[in-house]
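Worksheet for the structure shown next.
Throughout, a chain's letter reflects where its sequence line sits, starting with A, and its residues are numbered from 1. Every heavy atom of this structure was used, including side-chain atoms; hydrogens, water molecules and symmetry mates were not.
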Amino acid sequence: MSETIRISIDGKVMAAQPGDSILQTRLHGPDAVTANIGCMGQGVCGSCRCLVRKAGERDTVSRLACETVVEDGMQVSFIDYYQPDHVHHYRPHDLRDGWQTLPQLQQTFPETAHCRHCGGCDRACPRGIPVQQGIALASRGELPAAAALFDPCIMCNLCTLACPENIRPNHVGLYLRRAQAIQNLRPGELLRRLDQQARGQLAIDTTAYLARSSS
Amino acid sequence: MEKLNQVLLNPAVQVGPDLAAWLHAGGGLGLQAALGAPSAIIRCIADADLRGMGGAGFPAWRKWEATANAVGDCKYVVCNGNEDEPGTFKDRTLLSASPHQVVEGALIAALAVRARCLIFYLNPHQDSSLHTMQQAVSQWQDSPWLDKLSHALGHPLDIKVVASSGRYIGGEETAVVASLEAGFPFPRKKPPFPAEQGINNQPTLINNVETLANVSHILRHGAGWYRALGVGKACGTKLYSLSGDVLRPGLYELPMGSSLQELVFHYGGGMLQGKAFKAVFTGGPSNTLLTARDLDVALDFDSVWLRHSRLGTGAMIVISEGSSIIRKVAEYIDFFAKGSCGQCPSCKCGTFQLARLLDRVDGGRHSPADLDALQHLCQILPGSGRCGLIDGAVTVVKSSLHTFPEEYGLLVQQTA
Amino acid sequence: MNAAIEYQQASQNRASHATPPRRADDLSVAALLAQYHPDHAADASTLLHIGPSRGQPCHPRLAQLLQSNALIDGFDLAGAEQRSTDVLVLGGGGAGAAAALTAARSGAAVMLASKLRLGDSNTVMAEGGIQAALAASDSPQQHFDDAMRGGHHAADPQLLAQLASDAPGVIRWLIELGMHFDLADPLSDGGKLRYKQAGGCSQPRILCYRDYTGLEMMRVLRETVELEPGIQLLNRCPVVELLSHQDGSCAGAVLYDLEYQRFIVVSARQTILATGGCGQLHLQGFPTSNHYGATADGLVLAYRLGAQLRDMDAFQYHPTGVAWPPRLRGGLISEAARSAGALLLNGLGERFVDELAPRDVVTAAMLRECAAGRGIERDGQLGLFLDLRPLCGPGLPTLASQLPALQHLADKCGIDPTRDPLLVYPTLHYQNGGVVIDSQGQSSVPGLLCAGEITGGIHGRNRLMGNALLDILAFGRRAGRQAARQAQAARNKSSLPHLRGGIEHVYRWQRQLALAGLDASQPAPLLYPGQARLTLHRPASARA
Ligand SMILES: Cc1cc2nc3c(=O)[nH]c(=O)nc-3n(C[C@H](O)[C@H](O)[C@H](O)COP(=O)(O)OP(=O)(O)OC[C@H]3O[C@@H](n4cnc5c(N)ncnc54)[C@H](O)[C@@H]3O)c2cc1C
Ligand SMILES: Cc1cc2nc3c(=O)[nH]c(=O)nc-3n(C[C@H](O)[C@H](O)[C@H](O)COP(=O)(O)O)c2cc1C
Ligand code: SF4
Ligand code: SF4
Ligand code: SF4
Ligand code: FES
């Protein structure tokens with residue numbers, strides 16, 4: 001007989017099989033699951049944020065439930081999606097001018113300069129991204145280096161929730177990455193293809209395949 | 001004898017920053033006694049059973065002794081006047097109305113632990129206390145008292161008045177240390193305790209303003225006098241910050257161990273509009289609620305502890321029948337969430353989730369699962385932070401769930 | 001379970017060959033598909049009894065949902081909050097985001113409602129990439145031809161031609177929003193794009209961002225939507241029913257707001273359904289690669305309102321779903337792995353199919369191996385080996401740098417890809433068919449447009465890698481533009497507030513159900529696939 005593991009999720013004790021994820025276990029519970037779930041194991045949607053405390057440990061840490069394997073006695077509380085009341089808006093075309101990226105960053109994310117180096121963001125990140133360093137680089141104007149750090153970010157918003165200065169680090173990272181693409185990517189082959197199409201070239205013959213497939 | 005305002009709030013000592021007036025009112029006699037027998041100070045404080053008035057009620061002499069015994073060539077004494085908790089307004093009153101009793105107490109403490117540096121760490125948002133203290137301190141610096149003190153210590157005593165960050169978290173003792181090392185007031189892991197390793201790794205004694213304010217009186221009148229002020233086993237007096245739905249909110253100095261009933265109904269003038277007493281947030285927003293059943297409790301550290309709550313800072317926020325406990329608790333959780341220093345994700349994320357759930361309950365749109373989730377958070381958060389902020393936040397939620405389950409719809413649901 | 005070769009034994013068999021031998025094919029492609037593809041199983045198809053596509057084949061499980069009762073009745077609308085908008089977009093994946101952004105940029109007031117959080121969708125999970133014929137050697141025509149062949153010539157040629165022609169414009173749009181693509185050479189030519197090979201394609205045409213293309217796409221789209229003032233975003237508000245006017249046209253939708261546990265009635269001039277696919281129905285008992293919200297909700301509602309469907313018996317079972325460990329069962333291993341050289345091996349250590357054949361062929365071949373007892377069993381899970389060693393040879397960049405998501409997955413499986421193979425088994429991946437649309441995304445119901453995986457006809461009966469991400473954006477944008485245009489036209493015609501709709505169509509539907517003798521006790525859409533069903537909270541007073 002396989003051993004059964006017991007964990008408690010948001011106050012409900014549930015049985016789990018060794019090797020199951022927290023998220024899988026939660027689906028066997030008594031309530032319909034309507035939030036904190038998306039990709040179910042791929043670990044890319046960032047919706048399954050939770051706090052986890054292992055049996056006998058003091059530390060309570062933030063995790064992705066779909067990527068965390070159950071252990072007996074684990075206690076899990078899910079965390080809602082956090083969106084700050086107030087954010088500065090920007091539009092993609094505001095990012096076109098590379099000379100403006102830094103001043104605009106300072107306007108759009110003025111809090112970036114207030115980092116108090118608490119390290120909460122680093123500890124919160126389930127992807128192990130050195131978030132704090134990213135913010136430090138960004139406020140020093142080292143934008144490509146800062147952008148690169150956020151490459152694997154899944155936008156779970158845990159760092160945004162963790163940050164006491166309301167810096168919204170992952171959104172800063174995304175802003176920088178977007179600015180990079182918007183300003184630098186002009187692939188020649190794409191330009192040529194768009195130009196050909198604009199001249200009415202390369203129309204598709206939708207019947208040719210019939211001839212080919214019958215031959 | 002009238003029980004109200006016998007010592008710290010005694011009208012005779014509300015002399016403002018004028019040192020001469022303080023000396024005229026009997027000031028200096030405590031320091032005089034201390035200078036006479038420096039090695040007996042800690043014994044005297046211990047005999048008086050002076051407690052830490054900053055919230056924990058920890059016997060003051062134990063910290064003094066630890067600091068005195070710790071090895072260090074530049075020990076510190078810090079007077080913690082960061083006071084920023086909802087419902088507590090005692091330290092600012094002492095600092096602005098009778099600053100010298102605080103300074104004199106701090107000087108005696110510095111003598112007892114053989115400090116080289118004394119720092120008054122004050123909340124800049126309370127403009128008048130900072131200003132008054134600066135005036136008060138400079139008068140001591142120019143007085144012969146300081147020479148006598150340096151002589152007794154064998155080295156000069158450096159005195160500073162420092163503005164804190166004004167953040168709530170800046171009052172936690174390790175955060176005080178961090179702040180005075182010129183950083184952000186991040187709480188640190190304990191141990192080591194500041195008495196062993198505080199500012200710049202030097203032994204550091206940190207006491208609350210009210211704690212230190214009592215010291216000169218104890219040295220002057222003796223431990224026995226102080227003990228006799230209290231009710232029953234409790235010693236001395238306590239400043240109670242009374243607020244909420246009472247007729248006469250305000251700051252009251254009463255014998256330590258006076259009853260809640262007496263404070264609310266006699267001194268506070270009873271409930272506003274004659275409503276029934278429902279509950280009181282004892283010692284500020286981070287402790288267990290007491291209810292009408294507890295009106296007889298003696299307001300001293302040990303008696304309140306026996307009711308599974310804490311006297312804390314002596315704040316008493318009274319709630320009348322008809323007011324929502326959940327609303328109040330939700331407000332406090334918001335306060336803690338905003339005050340979290342950010343180091344521990346469990347604290348920021350946990351207070352956020354507590355706030356979300358309380359908001360749902362308060363808005364009447366919660367499901368039974370939300371209540372389970374709320375209770376569950378109360379289990380996994382305590383102890384997970386580097387400081388006590390998160391524990392305090394959980395305590396008040398837990399206590400409101402325990403004491404007023406019907407407000408959360410918990411009983412209703414069970415009978416349905 | 002069929003007889004299978006035990007994992008240890010299979011590992012030894014694999015180790016015994018330096019280069020795995022290729023087993024000769026014993027069947028023609030047509031016969032292979034007919035015998036082994038899940039779509040062709042005896043119990044994989046039935047005929048629809050009622051509704052606009054009555055008489056057409058459909059998977060029985062889906063047919064059951066399509067021919068079911070509504071979740072709500074007239075009472076539920078009584079006390080509900082009323083809102084109105086020009087364009088209502090339902091679904092928060094790539095198609096919904098593209099439609100909402102385009103409609104908003106075209107000047108419409110837009111509301112976007114999603115069941116989960118915006119972006120928690122199939123789109124964010126896409127790994128492999130997106131097709132666009134950009135290379136000088138390539139052309140939209142070749143793109144079209146490949147997709148037509150891959151879809152077994154069942155695609156609507158008009159739609160497919162639009163798909164291929166729209167591709168360059170879609171890539172430009174994505175770059176303008178700030179999406180990155182992998183580059184072959186970052187320094188030359190404004191960034192020379194890297195093209196990857198996809199199964200069934202005549203040449204490399206896949207653009208990607210590492211192996212999390214969908215994540216890169218969705219995080220950019222989500223941020224743009226969240227910051228777009230013209231879009232009102234409603235997270236956790238699934239659509240539970242559509243609204244109709246007297247003339248049968250669509251009048252908006254009824255949402256259920258999970259945070260406030262109440263219904264919201266949204267009157268809209270134009271409604272765009274972009275609720276994605278149905279992987280969570282686990283058709284034919286297969287695991288799925290799809291996200292939690294893929295429960296065919298939009299299909300059910302569109303059909304009830306009178307929209308025609310097509311190819312509802314054609315599904316894509318992706319060859320490489322995770323088979324072990326059970327925790328990750330069904331999770332996708334991108335075709336990018338095979339595209340980069342990974343091999344499929346049976347329990348004898350043999351290759352048995354061209355790894356880059358169209359997906360339906362590879363899947364059928366895998367199921368044939370399992371049926372013939374050449375599958376591999378590990379801890380009760382049946383599968384085949386996906387050998388990653390060809391990707392990890394000396395001199396090659398590390399797997400973590402080439403395909404970070406695959407390395408991450410291998411880590412989660414506790415597998416060292418330079419040594420151990422992954423155990424894989426086909427997984428229900430994509431709904432090929434869906435709502436019939438015209439070139440602007442218009443369904444057969446006036447006022448109702450559809451975009452994304454919910455639609456049918458673009459890909460025929462099988463889709464090639466990289467054409468779904470293209471389809472959701474190409475047609476999402478078309479639908480958004482068209483809806484904005486129509487809403488504008490309606491506004492120009494009459495400045496009166498638009499008429500409120502009702503649920504007459506539901507009553508008509510219930511009549512049809514009863515007359516056809518169908519079971520009306522099981523309501524749909526499902527909304528959430530877990531065991532526990534959500535109870536919609538209804539104010540007691542409205543019912544009394
Ligand atoms: C693992 C995986 C990998 C893939 N890889 C690729 C690839 O490499 N290349 C490629 O081209 N394609 C790929 N695909 C396919 C492609 O990602 C999808 O077909 C496409 O993203 C579908 O987009 P969509 O917007 O139509 O649906 P989705 O992205 O699924 O979005 C649907 C949205 O509607 C919401 N919704 C559902 N029901 C309701 C309701 N009742 N009310 C409101 N909202 C609702 C859902 O929650 C979701 O947010 C992949 C798919 C998967 C699952
Ligand atoms: C979050 C938090 C905030 C605190 N704020 C204050 C404060 O503002 N003033 C204060 O005197 N003590 C405060 N304390 C208590 C101190 O940590 C410390 O115990 C006290 O200053 C010691 O003085 P005492 O022993 O005289 O009470 C706080 C504690 C915590 C956990
Ligand atoms: S950087 Fe922030 S949003 Fe991104 S994965 Fe880490 S915690 Fe989540
Ligand atoms: S959480 Fe915010 S303040 Fe703290 S280190 Fe990170 S970015 Fe800085
Ligand atoms: S518990 Fe909260 S306030 Fe205390 S150190 Fe941790 S984050 Fe800071
Ligand atoms: S469910 Fe998507 S990251 Fe966990």
Side-chain angles (χ1 to χ4, degrees), chain A residues 17 19-21 24 27-35 37-45 47 67 69 81 83 87 89-93 95 151-155 171 174 177-182 184-194 197 202-209 212-213, chain C residues 116-117 119-121 124-125 133-136 139-141 144-145 148-149 153 157-158 161 164-165 168-169 171-172 175-181 189-193 212 214-215 219-220 222-224 227 229 235-236 258 291-292 325-328 331-332 404 408 412 528 530-534:
Chain A
Q17 294 304 311
D20 281 359
S21 71
Q24 267 176 325
L27 283 171
H28 298 142
D31 298 313
V33 177
T34 65
I37 186 165
C39 65
M40 302 179 84
Q42 206 176 321
V44 291
C45 75
S47 63
E67 295 206 312
V69 177
Y81 181 46
Q83 286 174 295
V87 300
H89 286 243
Y90 68 89
R91 286 193 169 185
H93 62 244
L95 305 184
D151 187 302
C153 168
I154 57 172
M155 301 299 284
H171 297 273
L174 187 56
R177 296 191 66 259
R178 294 177 72 184
Q180 239 179 4
I182 289 172
N184 303 332
L185 268 190
R186 294 289 180 278
E189 287 177 328
L190 173 58
L191 299 184
R192 194 160 52 243
R193 180 84 352 131
L194 288 166
Q197 288 187 321
L202 303 179
I204 293 175
D205 178 348
T206 56
T207 52
Y209 78 92
R212 266 197 302 277
S213 63
Chain C
L116 303 167
R117 178 185 60 148
D120 298 343
S121 61
V124 78
M125 301 169 72
L134 302 181
S139 69
Q141 182 75 51
F144 174 90
D145 290 347
M148 188 50 99
R149 193 170 346 100
H153 301 271
Q158 223 49 54
S165 306
I171 302 304
R172 173 183 168 163
I175 292 175
E176 284 179 325
L177 294 184
M179 175 169 171
H180 284 250
F181 289 96
D189 209 14
K192 188 171 166 31
L193 293 165
Y212 39 88
L215 168 59
R219 62 191 174 191
V220 166
R222 173 167 44 211
E223 195 81 344
T224 318
L227 295 176
N235 282 322
R236 296 189 71 215
L258 281 154
H291 87 291
Y292 183 70
R327 165 170 50 98
L328 299 172
L332 191 74
H408 186 60
K412 285 194 283 188
Y528 302 98
Q531 293 167 351
R533 297 254 60 87
L534 173 74

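- Here the NE2-CD distance, from H408(C) to E67(A), works out to 3.5 Å after rounding to the nearest 0.5 Å.
- Only the side chain of L174(A) has a heavy atom closer than 4.5 Å to any heavy atom of chain C.
- Residue contact with chain C, scored on non-hydrogen atoms closer than 4.5 Å, involves the backbone of A203(A) exclusively.
- Heavy-atom distances place both the backbone and the side chain of H28(A) under 4.5 Å from chain C.
- Here the side chains of H291(C) and C45(A) are not in contact, with every heavy-atom distance at 4.5 Å or above.
- Interface remark: P140(C) contributes backbone and side-chain atoms alike to the contact with chain A (heavy atom separation under 4.5 Å).
- For the pair Y292(C) (side chain) and V33(A) (backbone), a donor-acceptor distance under 3.5 Å is present.
- Taking the side chain as every heavy atom from C-beta outward, L116(C) and I37(A) approach each other to under 4.5 Å.
- At least one side-chain heavy atom of Y212(C) sits under 4.5 Å from a side-chain heavy atom of D151(A).
- Ranked by heavy-atom pairs shorter than 4.5 Å toward chain A, the options P404(C), P157(C), G530(C), P168(C) are led by P168(C).
- At a 4.5 Å heavy-atom cutoff, the contact between P30(A) and chain C is made by backbone atoms alone.
- Contact annotation: the side chain of N235(C) approaches that of Q83(A) to within less than 4.5 Å [non-hydrogen atoms, C-beta and beyond].
- The closest side-chain heavy-atom distance from P92(A) to E176(C) is not below 4.5 Å.
- Ranked by non-hydrogen atom pairs under 4.5 Å with chain C, the options G38(A), G188(A), P187(A) are led by P187(A).
- Interface summary for chain C: among M155(A), Q42(A), Q180(A), the most heavy-atom pairs under 4.5 angstrom belong to Q42(A).
- The greatest number of non-hydrogen atom pairs below 4.5 Å with chain C, out of S21(A), A179(A), G29(A), G43(A), is found for S21(A).
- A heavy-atom distance below 4.5 Å is not found between the side chains of E189(A) and L193(C).
- Interatomic distance, CZ of R327(C) versus CD of Q24(A), reported as 7.5 Å (0.5 Å rounding).
- When L534(C), L332(C), I175(C) are compared by the number of non-hydrogen pairs under 4.5 Å with chain A, I175(C) comes out ahead.
- To the nearest 0.5 angstrom, I171(C) atom CD1 is 7.5 Å from L190(A) atom CG.
- Contact of R192(A) with chain C is made through the side chain alone, with heavy-atom distances under 4.5 Å.
- Using a 4.5 Å cut-off on side-chain heavy atoms (C-beta onward), L227(C) and V87(A) make contact.
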